[in-house]
Visitor: 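Sending over a structure as structure tokens; questions will come in a sec.
Keep in mind the model is a prediction, meaning the values are calculated, not measured. When a ligand or atom number is given, it counts from 1 through the structure's own listing order.
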Amino acid sequence: MKITIAGTGYVGLVTGVCLADIGHIVTCYDIDEQKVQKMRQGISPIYEPGLEDLMKKNIEEARLFFTTDPQTAYEDADVIYIAVGTPENEDGSANLTYVEETALAISRYVIKDVIVVIKSTVPVGTNDRIQALIDKHKSPEIRVAVVSNPEFLREGSAIYDMFHGDRIVIGANDEYAASVIEEINKPFGIPIIKTDRRSAEMIKYAANAFLATKISFINEIANICEKVGANIDDVAYGIGQDKRIGPHFLKAGIGYGGSCFPKDTKALVQLAGNVQHKFDLLESVINVNNKQRLLLYTKAKEMFGALAGKKAAVLGLAFKPNTDDIREAASIVLIDKLLEEQVDITVYDPVAMENAKKILNDSVQYARSAVDAINGKDMVFIVTEWEEIKNIPLSTYVEKMKEPIIFDGRNCYSWQEAKSYPVTYISIGRGQAGEAQPLFSKHK
Ligand code: UDX
């Protein structure tokens, strides 16, 4: 199988590299010459554990290629994956310009029958529209089948997810096209679900919306726990043991961020609105998340009143650990509020500093290490639960700060442990002013 991947963002690059690794000949196409030059040398444009090693291996073994030439990319491919971005329009809907442009380029260059797989997250009905668009512009003797194959990988564990995902969804209106995509994916050894194109498109949005709902739900329960003196860690554990609920995605914190949940939840609300359905539940999930991202700021404001002139450290900038991605990160929302209040801010993240600099410029100071960031500050905000940050001993805060105040947005420390140090430790959902008593000591 000769496979082409159009777009080397997160999804495109990881998909291309992993498809090469299971034995296919893969060409990744991108318009960015510089990026392509680097990728040819095995240099990844994104930070993703394990990705560069796998790139280098498959480049060396002559299964993975990169090009900026659309003709080379499309003309004799058996299967073309569209994995270009679908950014958010101002009204929250998904912008399909790049998907459509790619479809038009494919129509222009293909010279034999081809299957076009849409990996990008697209509103229900888009696969049908792209099929019609290609049919209108391709030469009449060529057959093109459009197949939906949404992506469920998580940043930071993308390679693992490609090889250990829970399911692969294939949405096709054509039996043959579905069976080709099934064959391509068989070596992953992951259960395959075949359905129609619209259902496949909906599965992607519904999955992300459901996961976002779980997070906003547990965050609301955490907020109530604080008021009634209960402990969210025990509550999450207690409900997660019910198999119908499950233990995953019940980690309370300062809300979800990243390139998917915020964008896809809004797009689904928009999609529902287009068919005159007001998606009240999902609108609430989004509103809860917007409030939750301000929670540490709200707590600091309650504690100090005026924040002007205070010195704060923000530990963790990425929207979650093991990525350098700061899109829709809670850190940026928090920092913006603190800057409005004229707080003197020092930030630290193990890998996301360069990306943060592009947005924050010189509005904050950049520390060389977490300990440097903490040194001499009035308060510390923990925003991303990197191992490095979770492993900072509480004694370090005691040594480096005059009166240590820690606002922990990711519950990195055990409530009990924090109580045994002379620190003011404010976390999420663990009773007001630490009044809640943990029920099970083995859980944090
Ligand atoms: C998500 C989906 O998991 C993935 O299937 C989809 O393809 C893309 O979107 P990703 O955005 O990479 O993946 O990260 P994920 O691990 O799902 O976390 C998203 C956000 O939710 C992060 O900000 C994380 O901190 C937050 N989160 C996650 C919580 O606050 N609590 C949890 O229990 C889980």
Visitor: Heavy-atom contact under 4.0 Å between E385 and ligand 1?
Guide: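 Per 4.0 Å heavy-atom rule, E385 does not contact ligand 1.
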Visitor: Specify the protein heavy atom at minimum distance from atom 3 (O) of ligand 1: its residue, its atom name, and the distance to 0.1 Å.
Guide: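 Protein heavy atom with the smallest distance to atom 3 (O) of ligand 1: R154 CG, 3.3 Å.
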Visitor: Just go through F249, Y10, Y256 and tell me whose heavy atom is the nearest to atom 17 (O) of ligand 1.
Guide: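 Among F249, Y10, Y256, the closest heavy atom to atom 17 (O) of ligand 1 belongs to F249.
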Visitor: At a non-hydrogen distance cut-off of under 4.0 Å, which region of R327 contacts ligand 1 (side chain, backbone, both, or neither)?
Guide: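 Within the 4.0 Å criterion, R327 makes no contact with ligand 1.
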Visitor: Using heavy atoms and a threshold below 4.0 Å, how should the contact between N219 and ligand 1 be classified: side chain, backbone, both, or neither?
Guide: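 No part of N219 comes within reach of ligand 1.
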Visitor: Verify the neighbour count for atom CD of Q34: are there more than 12 heavy atoms of other residues, nucleotides or ligands below 6.0 Å?
Guide: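 Counting other residues, nucleotides and ligands, CD of Q34 stays at 12 neighbours or fewer.
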Visitor: Check the side chains of T86 and K263 for a donor-acceptor pair under 3.5 angstrom, ignoring hydrogens and angles.
Guide: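 The criterion, which ignores hydrogens and geometry beyond distance, is satisfied for T86 and K263.
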Visitor: When you measure from atom 14 (O) of ligand 1 to each heavy atom in K320, H248, E328, E151, which option holds the nearest one?
Guide: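 Among K320, H248, E328, E151, the closest heavy atom to atom 14 (O) of ligand 1 comes from K320.
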Visitor: Is any side-chain N of the basic residue among E387 and K390 closer than 4.0 Å to the acidic one's carboxylate O?
Guide: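 Result for this pair is yes, salt bridge flagged.
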Visitor: How does K251 reach ligand 1, if at all, at less than 4.0 Å between non-hydrogen atoms: by side chain, backbone, both, or neither?
Guide: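 Near ligand 1, K251 shows its backbone as well as its side chain.
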Visitor: Would Y348 and Y366 count as a close aromatic pair, with their ring centres under 6.0 Å?
Guide: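 Centroid separation for Y348 and Y366: 6.0 Å or greater.
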Visitor: What atoms in ligand 1 come closer than 4.0 Å to a heavy atom of E155?
Guide: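 So the answer, numbered in order with elements, is 12 (O).
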Visitor: May I ask whether G253 has any heavy atom positioned less than 4.0 angstrom from an atom of ligand 1?
Guide: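 So G253 does not count as touching ligand 1.
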Visitor: Determine, for R327 against E155, whether the closest basic-nitrogen to carboxylate-oxygen distance falls under 4.0 angstrom.
Guide: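 Counted as a salt bridge, because a side-chain N and a carboxylate O are separated by less than 4.0 Å.
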Visitor: Using the rule side chain to side chain contact (heavy atoms under 4.5 Å, CB included), only one of I82, V99, N149 pairs with K119; which is it?
Guide: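 Output: one option passes, namely N149.
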Visitor: Before giving the answer on side-chain contact (heavy atoms from CB on, under 4.5 Å), spell out for I335 and V383 the whole-Å C-alpha distance, their side-chain angles and the decisive distance to 0.1 Å.
Guide: CA-CA 10 Å; I335 289 167; V383 175; over 6 Å; no
Visitor: Would you say that more than 12 heavy atoms from the other residues, nucleotides or ligands in this model lie under 6.0 Å from the CG of D242, or not?
Guide: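 Enclosed: over 12 neighbouring heavy atoms sit under 6.0 Å from CG of D242.
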Visitor: For the pair H277 and F279, name the ring-plane relationship: parallel under 30°, tilted 30 to 60°, perpendicular over 60°.
Guide: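 H277 vs F279 ring planes: perpendicular.
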Visitor: Take the angle between the ring planes of F407 and F304 and call it parallel below 30°, perpendicular above 60°, tilted in between.
Guide: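 Rings of F407 and F304: tilted, 30 to 60°.
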Visitor: Which protein non-hydrogen atom lies closest to atom 6 (C) of ligand 1, naming both residue and atom, and how far is it?
Guide: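 Answer, as residue, atom name and distance: L153 O, 3.5 Å.
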Visitor: Does the N or O separation between G257 and ligand 1 drop below 3.5 Å for any pair?
Guide: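 Yes.
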Visitor: Give the numbers and elements of all ligand 1 atoms closer than 4.0 Å to a heavy atom of N208.
Guide: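 In order of numbering, the contacting atoms are 2 (C), 6 (C).
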Visitor: Is the closest basic N to carboxylate O distance between E341 and K310 below 4.0 Å?
Guide: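 K310 and E341: not salt-bridged.
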Visitor: For atom 9 (O) of ligand 1, state which one of G165, P262, C260 supplies the nearest heavy atom.
Guide: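 Looking at heavy atoms only, the winner is C260.
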Visitor: Could you tell me whether L250 approaches ligand 1 through its side chain, its backbone, both or neither, with non-hydrogen atoms closer than 4.0 Å?
Guide: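 L250 to ligand 1: backbone contact only, side chain stays beyond 4.0 Å.
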Visitor: What atoms of ligand 1 come within less than 4.0 Å of a heavy atom belonging to K204?
Guide: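 Atoms satisfying the 4.0 Å criterion: 6 (C), 7 (O).
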Visitor: Could E354 and K357 be called an ion pair, given the rule that one side-chain N must be under 4.0 Å from one carboxylate O?
Guide: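 Salt bridge: yes.
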Visitor: So is there a nitrogen or oxygen of F319 less than 3.5 Å from a nitrogen or oxygen in ligand 1?
Guide: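 Looking only at distances, the answer is yes, because the N/O contact criterion of under 3.5 Å is met.
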Visitor: Is R410 in contact with ligand 1, taking contact as a heavy-atom separation below 4.0 Å?
Guide: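 Yes, R410 has heavy atoms under 4.0 Å from ligand 1.
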Visitor: What protein heavy atom sits nearest atom 5 (O) of ligand 1, and how far off is it?
Guide: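 It is F152 O, 2.7 Å.
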Visitor: Quick check: I215 and ligand 1, any N/O pair under 3.5 Å apart?
Guide: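 No; every N/O pair is 3.5 Å or more apart.
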Visitor: Under 4.0 angstrom from ligand 1, any heavy atom of G258?
Guide: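 The answer is no, since G258 has no heavy atom less than 4.0 Å from ligand 1.
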